[in-house]
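These values consider heavy atoms only, across backbone and side chains, with no hydrogens, waters or symmetry-generated copies. Just follow the structure's listing: the first ligand is 1, and inside any ligand the first atom is 1.
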Amino acid sequence: MKVATPKETTADEHRVALVPDTATRLKAAGLDVGVEAGAGAAAYISDEAYQQAGVEVVKGAGQLLQDADAVLKVQAPSVPEVDLLRSGAVLISFLQPATQGDAVRALAKRGVTAFSLELLPRISRAQSMDALSSQASAAGYKAVLMAAGRLGKFFPMMMTAAGTVAPARVLVMGAGVAGLQAIATARRLGAVVSAYDVRPAVKEEVQSLGATFIELPLETQEGEGGYAREQSEEFLRKQRELIGEHVARSDVVITTAAVPGRHAPLLVTADMVQGMRPGSVIVDLAAETGGNVELTKAGADVEIGGVTVIGTRNVPSTMPLHASQLYARNVANLLLHLVKDKAITLDFADEITKGCCVTHEGEIVNERAKQLVAPKP
Ligand code: NAD
């Protein structure tokens, strides 16, 4: 069985879905592994490093993809890339069915069995395959460093001969995987951190990281599987009113709030940004799904009244080495879950296999993906 990883073709994608370490594991399981020459270059992994791990390095993606039984990628393939895949081949990547409808339809038409990591069930058994979590950790960590790099202040309290400097105040909104990592990183840098989430269940986790959990007098609603539910507009309006003073007091605000499959909730209005001190910094990790901050521009930084709102897209790709290492492990674990005796063996009674399979034998088999890619009437 041949496993292939092409070079990512999406602009500014620096990650790669296979690293030498995971290639060694796949080879130990009896699989043949190939990469396109230069596939790891943007993540600082040379062709030689792959060769040393016994990986065949192939020039160009064409033949590599045509020969592959399983293709490992980060981003959804383009339609021309899909056209290179064999019918019956397996693809594992982030597929983003909501925005990549053409690719998903093309994968179905081509007879590819495609697995989307966004749809992986978040159950304990699948934790080692959970790429959303590994990449969210990278994003949460980097968000704090981006903010620290922009802030004209120290994060820690400094006692110097020239006087004492107060620590920076950081507010993290949304304390899921990215938010908790942001809290931990800001604490390590010495900031005073507070955090807010609609799910009261995260209070203890926030406190165990040394941050204050902000409790708002609002009736919160938790959704299924530990996720947030989409809140009503009235709830969000009250939430903004109550959180306003906390935002105004902060030097740095990091927003990470998301509701799976939905537009990001608006947590910080333009007025709230204008209420912050000049020099303050906001990093909106939800920029790509509509933004938690009214002024966010996805892929750009905006400055209003001296406050910078950072809307960088694809933050995990800005730290490609470790993001790739973790992602590649997630992908290899999922692939090995699908392999028995050196061949793909699909068991659709299995919650993991069924949960994240999007296309199979010419059909879009996932109900959620089917709705997302349906042509608009
Ligand atoms: P996410 O990216 O969907 O959302 C990030 C955070 O934003 C969540 O904590 C959510 O509650 C919060 N949020 C949503 N709307 C908000 C609002 N209006 N105001 C404030 N906060 C809001 O979530 P995630 O980080 O991917 O994961 C969330 C949870 O899923 C985790 O904390 C955990 O409980 C669970 N999880 C389980 C597993 C597993 O069991 N394998 C793996 C990962 C995550």
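With Arg199, Arg122, Gln181 as candidates, the residue nearest to atom 31 (C) of ligand 1 on a non-hydrogen basis is Arg199. With atom 8 (C) of ligand 1 as the reference point, the heavy atom nearest to it among Asp197, Val172, Leu285 is part of Asp197.
Rounding to the nearest 0.5 angstrom, the gap separating the CG atom in Leu266 from the OG1 atom in Thr255 is 10.0 Å. Annotation: the span from Ser317 atom OG to Glu13 atom CD amounts to 4.0 Å, rounded to 0.5 Å.
For the residue pair Gln63 / Asp67, a side-chain donor-acceptor distance below 3.5 Å is found, with atom types taken as modelled. Inspection of the Ser232 and Glu234 side chains reveals no N or O donor paired with an N or O acceptor under 3.5 Å. For Ser133 and Arg122, the side-chain atoms include at least one donor-acceptor pair closer than 3.5 Å.
The shortest separation from a heavy atom of Ser133 to ligand 1 is under 4.0 Å, placing the residue in contact. The closest approach between a heavy atom of Ala175 and any atom of ligand 1 is below 4.0 Å. Residue contact annotation: Gln239 has a non-hydrogen atom under 4.0 Å from ligand 1.
The atoms of ligand 1 that sit less than 4.0 Å from any heavy atom of Val198 are 11 (O), 13 (N), 14 (C), 15 (N), 16 (C), 17 (C), 18 (N), 19 (N), 20 (C), 21 (N), 22 (C). Near Leu236, with a cut-off below 4.0 Å to any heavy atom, the atoms of ligand 1 are 18 (N).
The side chain of Pro265, and not its backbone, has at least one atom closer than 4.0 Å to an atom of ligand 1 (non-hydrogen atoms only; side chain from C-beta on). At a heavy-atom cutoff of 4.0 Å, ligand 1 is contacted by no atom of Ala126, backbone or side chain. Under 4.0 angstrom from ligand 1, the non-hydrogen atoms of Asp130 all belong to its side chain. Contacts of Val202 with ligand 1, taken as heavy-atom pairs under 4.0 Å, are absent altogether. In Leu267, the part holding a heavy atom less than 4.0 Å from any atom of ligand 1 is the side chain.
Inclusion of Val177 in the set of residues having an N or O under 3.5 Å from an N or O of ligand 1 is warranted. On a distance-only criterion, Phe235 and ligand 1 share no N/O pair closer than 3.5 Å. Between Ala258 and ligand 1, a contact under 3.5 Å exists for at least one N or O pair. Looking at ligand 1, you won't find any N or O of Tyr196 less than 3.5 Å from one of its N or O atoms.
Below 30°, between 30° and 60°, or above 60°: for Phe348 and His360 the angle between ring planes is between 30° and 60°, a tilted geometry.
Between Lys340 and Asp347 no salt bridge is recorded (no basic side-chain N to carboxylate O distance below 4.0 Å). Using a 4.0 Å cut-off between charged nitrogen and carboxylate oxygen, Glu233 and Arg240 count as a salt-bridge pair.
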Start with the C-alpha gap between Lys238 and Glu241, add the side-chain angles, then the distance that decides, and say whether salt bridge (charged side-chain N to carboxylate O under 4.0 Å, His left out) holds. CA-CA 5 Å; Lys238 278 199 196 131; Glu241 236 171 68; over 6 Å; no

Determine, step by step, whether Ser116 and Glu118 satisfy the side-chain hydrogen bond (donor to acceptor under 3.5 Å, both in side chains) criterion, reporting the C-alpha distance in whole Å, the side-chain angles of both residues, the deciding distance to 0.1 Å, and the verdict. CA-CA 5 Å; Ser116 178; Glu118 291 97 338; 2.5 Å; yes

